[in-house]
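Reading through the structure tokens given below for one structure.
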Amino acid sequence: MNNASQPFGSLSAQDQAVLDGIGPRWSEDINGHRDLVVRTYTPLVLQADNRGIEVARDLPYGAAPRQVLDVYSRSAWAGEARDVLVFFHGGAFIRGSKSANGAIYDNVAYWFARQGCVAVNVEYRLAPHTAYPGGATDVVAAARWVRTHIARFGGDAGRIFLMGHSAGGSHVASALFDPALAERLTPAEIAGALLVSARLRADVLPDNPNADGVRAYFGEDTTLYEQRSPASHAGQSNVPLFIAVAQYENTHLDRYGREFHARALASGRTAPTRFAVLPRHNHTSIVAHFNSGEETLGPQLLDFMHAAR
């Protein structure tokens with residue numbers, strides 16, 4: 001097996017040792033460790049050969065300034081319509097952008113475009129300016145924009161997969177599973193959901209480092225958190241589902257991912273439902289490693305997408 005397919009395989013031995021060192025201590029300084037991971041992967045991501053990928057940036061899918069998206073596609077494509085991957089970044093509900101530093105999270109879209117997909121990188125409105133269920137309604141609006149327009153970029157409107165990281169994963173899950181969302185997406189519209197290190201339960205527990213973000217988005221009334229949590233509704237959609245968590249997660253997110261997976265299986269859903277843990281990886285590197293030369297999570301997601309037919 002090529003070394004690049006191993007966790008951290010594209011990094012120098014020194015950088016691998018640094019990330020292995022912060023893994024068990026991830027929750028001690030999430031913001032500092034996140035920034036370190038971004039700095040570590042950015043040079044590799046910027047070296048990637050993205051020739052032949054065209055990017056149409058900041059296309060509006062709504063009226064708000066943050067309701068914009070980028071489309072990544074291979075130029076001069078003459079084959080059949082391609083699978084579409086739509087990515088929603090994280091940021092604890094209150095921060096983040098589709099291009100944090102010109103490399104992350106562009107790297108996710110570039111990687112999928114290099115594999116022959118049409119990739120879409122989405123910006124969405126943040127709390128406290130937009131509270132629950134505003135993030136999910138932005139996912140719905142973006143997905144329906146993609147269904148309407150993606151054919152002109154070579155994408156197949158019948159093969160749209162939504163991928164959300166962290167808070168973005170929460171919004172994707174709500175857009176598909178939350179019965180309180182009147183216009184939620186259906187399996188007829190979406191071919192699959194990829195929830196990566198997603199916050200699937202709202203909580204403000206004392207050891208939740210992003211409790212302020214949860215309050216800003218889900219509200220101050222904690223009695224509403226159960227009904228507003230995606231994990232409470234894991235059986236409400238039969239969309240094909242892939243849940244991935246890192247070995248070293250933001251506190252509780254790995255547990256919530258396992259809970260969502262177990263509840264989805266117990267619900268009687270018939271659609272494919274997969275769960276994966278990325279060894280050695282952390283909450284940020286689970287997406288920062290895309291397009292760096294390391295092939296770990298990406299091939300698993302592509303296999304899932306190809307099987308969901």
Side-chain angles (χ1 to χ4, degrees), residues 7 22-28 30 33-34 87-88 90 92-93 135-136 139 161-179 190 192-211 213-214 217-218 222 225-289 296-301 303-305 307-308:
I22 68 172
R25 300 182 292 106
W26 179 258
S27 292
E28 296 175 9
I30 286 176
H33 291 157
R34 176 199 64 214
F87 180 75
F88 297 84
F93 303 103
V139 171
F161 294 83
L162 305 183
M163 177 179 176
H165 174 241
S166 197
S170 178
H171 295 324
V172 168
S174 291
L176 288 160
F177 291 88
D178 190 341
I190 301 301
L194 318 172
L195 308 179
V196 180
S197 294
R199 172 162 288 284
L200 297 170
R201 182 164 291 286
D203 79 71
V204 288
L205 296 172
D207 57 350
N208 176 2
N210 292 317
V214 171
Y217 181 69
F218 287 101
T222 59
Y225 286 2
E226 178 70 21
Q227 71 187 58
R228 292 181 173 183
S229 293
S232 300
H233 312 294
Q236 292 293 316
S237 175
N238 201 38
V239 64
L241 178 64
F242 191 113
I243 300 170
V245 298
Q247 181 177 357
Y248 303 113
E249 273 295 352
N250 288 8
T251 309
H252 304 304
L253 295 195
D254 49 350
R255 178 163 61 89
Y256 296 155
R258 289 185 174 90
E259 176 192 19
F260 196 95
H261 178 245
R263 289 188 173 204
L265 291 178
S267 72
R269 283 167 31 95
T270 58
T273 306
R274 297 190 192 180
F275 181 81
V277 179
L278 263 67
R280 298 173 68 190
H281 272 289
N282 56 61
H283 182 74
T284 301
S285 68
I286 197 171
V287 288
H289 79 273
T296 49
L297 181 57
Q300 295 183 58
L301 298 182
D303 178 70
F304 170 78
M305 292 166 65

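All heavy atoms count here, side chains included; hydrogens, waters and symmetry mates do not. Note that this is a predicted model, so its numbers are computed, not measured.
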In the structure I gave you, are the side-chain heavy atoms of [X] and [Y] within less than 4.5 Å of one another anywhere?
X: V239; Y: F177; value: yes
X: V204; Y: F218; value: no
X: D254; Y: Y248; value: no
X: H171; Y: Y217; value: yes

The criterion is side chain to side chain contact (heavy atoms under 4.5 Å, CB included); which residues satisfy it with [X], sequence neighbours excluded?
X: A167; answer: F93, Y124
X: V277; answer: V245, R258, F275
X: T273; answer: L241, H261, A264, L265, R269

Roughly how far, to the nearest 0.5 Å, is [atom2] of [Y] from [atom1] of [X]?
X: M163; Y: M305; atom1: CE; atom2: CE; result: 9.5 Å
X: L278; Y: L297; atom1: CG; atom2: CG; result: 5.0 Å
X: H252; Y: S27; atom1: NE2; atom2: OG; result: 8.5 Å
X: L253; Y: N210; atom1: CG; atom2: CG; result: 8.0 Å

Tell me every residue that passes side chain to side chain donor-acceptor pair (under 3.5 Å) with E226, counting only those two or more places apart in sequence or in another chain. R201, S232

With D203, which residues qualify under side chain to side chain donor-acceptor pair (under 3.5 Å), at least two apart? R199, N208, Y256

Write down the atom of [X], the atom of [Y], and the distance for their closest heavy-atom approach.
X: A271; Y: P240; answer: CB-N, 3.7 Å
X: A173; Y: P230; answer: CB-CB, 3.7 Å
X: L195; Y: G169; answer: CD2-O, 3.7 Å
X: S197; Y: A246; answer: OG-N, 4.0 Å

Run the ring-centre check on F242 versus F161 and record whether the distance is less than 6.0 Å. no

I need the single residue from V172, V287, I243 that forms a side chain to side chain contact (heavy atoms under 4.5 Å, CB included) with V196. Which is it? V287

Check whether any side-chain N or O of [X] sits under 3.5 Å from a backbone N or O of [Y] as a donor-acceptor pair, and report yes or no.
X: S229; Y: A202; value: yes
X: H33; Y: I30; value: no
X: H233; Y: Q227; value: yes

side-chain hydrogen bond (donor to acceptor under 3.5 Å, both in side chains) contacts touching residues 274-283 (sequence neighbours left out): Q16-R280, D20-R280, S166-H283, E249-H283, R274-D303, H281-S285, H281-E294, N282-S285

